[in-house]
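Proteins come first, then strands; the chains are lettered A, B, ... in the order of their sequence lines, and each starts at number 1.
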Amino acid sequence: MDCEIVEEMLSAYLDEELSVEEREAVQNHLAFCPDCAALLGEFKEMSSLIYDEFMLLSAPPETDAIVMEKIVAAQEMRQNKKLKVAGSIGGVLLLGSIAAILLSPVGLALISIIRLFVRLASNLFSLLWYFLGDQSLLTAGVICAGAAITVFSVFAIRKMMQTIVPGP
Amino acid sequence: MDEKDLTLIRTAKESGSQEAFTLLVRAYKDFVFRIAFGILRNRMDAEDVVQESFLKAYFSLRKLEDDNAFPSWMATITTRLALNFIKKRKRTDLSSIDVEEIQAKQNGIDEANRKMFLDQAMSSLGPELRAALVLREVQGFDYQEIADILGVPIGTVRSRLHAARVQMRKVFQKEGGGFNNGL
């Protein structure tokens with residue numbers, strides 16, 4: 001086995017990732033090749049240097065507090081998102097239900113009834129507008145309504161007094 | 001991984017306990033930080049990726065099938081986030097603060113230089129090579145685990161590690177004459 005092939009296998013040899021046969025072949029080569037043995041030595045030294053340097057590194061002490069703050073914020077955001085989605089689905093369902101009811105025979109009957117009420121209200125409004133145009137009729141109407149409210153109030157107060165203080 | 005960690009993982013997974021997860025973050029933050037820093041070579045960026053990794057882990061902890069695989073699962077999340085971070089930012093610069101920090105921690109000039117050259121050598125590697133190197137040299141994952149974490153064939157891991165070591169050796173030789181000259 002020549003040096004070029006061994007060099008390519010040295011990294012995996014160092015990491016103990018070669019097959020038994022490959023490992024034996026590399027070991028045999030290293031026994032009589034000082035260049036490849038030196039290269040392996042450099043790889044080993046580089047490995048320990050990298051390991052040592054990284055062991056000096058540590059995450060900031062406040063990492064866990066920051067992470068948990070972010071988790072709580074993300075949970076709130078997810079909750080709000082869920083509520084928005086639920087609201088949207090609810091709205092769509094409500095509109096769908098209304099449309100379905102209105103398009104059904106019951107809905108069509110309801111629409112006819114609503115139309116009748118609208119027409120009735122419109123006619124009543126026109127009638128009221130007509131009477132409001134006449135001053136004397138308006139005055140008479142206000143007086144009648146006032147008198148009716150007064151009579152009703154007196155009657156209601158008497159009835160209430162009788163209930164609270166029963167007669168002998 | 002000890003029984004205490006397994007209990008914490010189980011508790012956080014089953015009940016979503018924030019207390020248990022806080023303790024897990026405390027136990028694994030250095031492990032995760034070293035991977036992120038090894039790939040990104042920038043402390044601030046690494047801190048961002050660490051936070052993002054734990055956030056992602058918390059919300060997908062239920063998907064973890066084997067609790068014993070938690071370290072390699074965390075390594076997978078962190079490595080992929082760090083590599084995506086580089087793709088997005090398109091920068092892998094080594095900040096002067098990091099070099100100063102390393103120098104400040106050393107007593108002798110030779111040792112400081114040695115660390116600085118190591119930094120330069122690692123920064124000269126592409127992110128994929130750095131990821132493979134850190135997972136192997138710092139975290140001690142075997143080739144199959146690294147292949148699973150990176151989502152590449154085992155042969156690619158082998159060639160990446162070899163390429164990374166050869167490239168680093170070249171930088172060492174160019175900058176300071178190699179290991180045998182007292183670097």
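Both the backbone and the side chain of Tyr143(B) come within contact range of chain A, each with at least one heavy atom under 4.5 Å from a heavy atom of that chain. At a 4.5 Å heavy-atom cutoff, the contact between Glu8(A) and chain B is made by backbone and side-chain atoms alike. Proximity to chain A (any heavy atom under 4.5 Å) is restricted, for Arg136(B), to the side chain, taken from C-beta onward. Residue contact with chain A, scored on non-hydrogen atoms closer than 4.5 Å, is absent for Leu24(B). Contacts of Leu161(B) with chain A are made by both backbone and side-chain atoms, with heavy-atom separations under 4.5 Å. Residue Ile50(A) touches chain B through both its backbone and its side chain, counting heavy-atom pairs closer than 4.5 Å. Only the side chain of Val134(B) comes within less than 4.5 Å of a heavy atom in chain A; its backbone stays farther off.
When the candidates Val138(B), Val25(B), Val166(B) are compared by the number of heavy-atom contacts under 4.5 Å with chain A, Val138(B) comes out ahead. The candidate from Arg34(B), Glu47(B), Glu137(B) with the greatest count of non-hydrogen atom pairs under 4.5 Å with chain A is Arg34(B). Your options are Met122(B), Gln51(B), Gln144(B), and the one with the most heavy-atom pairs under 4.5 Å with chain A is Gln51(B). Taking chain A as the reference chain and counting heavy-atom pairs below 4.5 Å, the highest number among Met168(B), Glu52(B), Lys29(B), Gln139(B) is found for Lys29(B).
His29(A) is listed as a side-chain neighbour of Cys3(A), based on a closest heavy-atom distance under 4.5 Å. Looking only at side-chain heavy atoms (C-beta outward), Leu30(A) and Leu10(A) come within less than 4.5 Å of each other. Proximity of Val67(A) to Leu55(B): side-chain heavy atoms (C-beta onward) are nowhere separated by under 4.5 Å. By the 4.5 Å heavy-atom criterion applied to side chains, Leu116(A) and Leu120(A) are not counted as neighbours.
Taking the ring centroids of Tyr13(A) and Phe43(A), they lie at or beyond the 6.0 Å cut-off.
Between Phe37(B) and Phe33(B), the ring-plane angle classifies as parallel under the 30° and 60° cut-offs.
In this model, no donor atom of one side chain and acceptor atom of the other lie less than 3.5 Å apart for Ser123(B) and Gln120(B). Donor-acceptor pairing under 3.5 Å is recorded for the side chains of Gln75(A) and Gln18(B).
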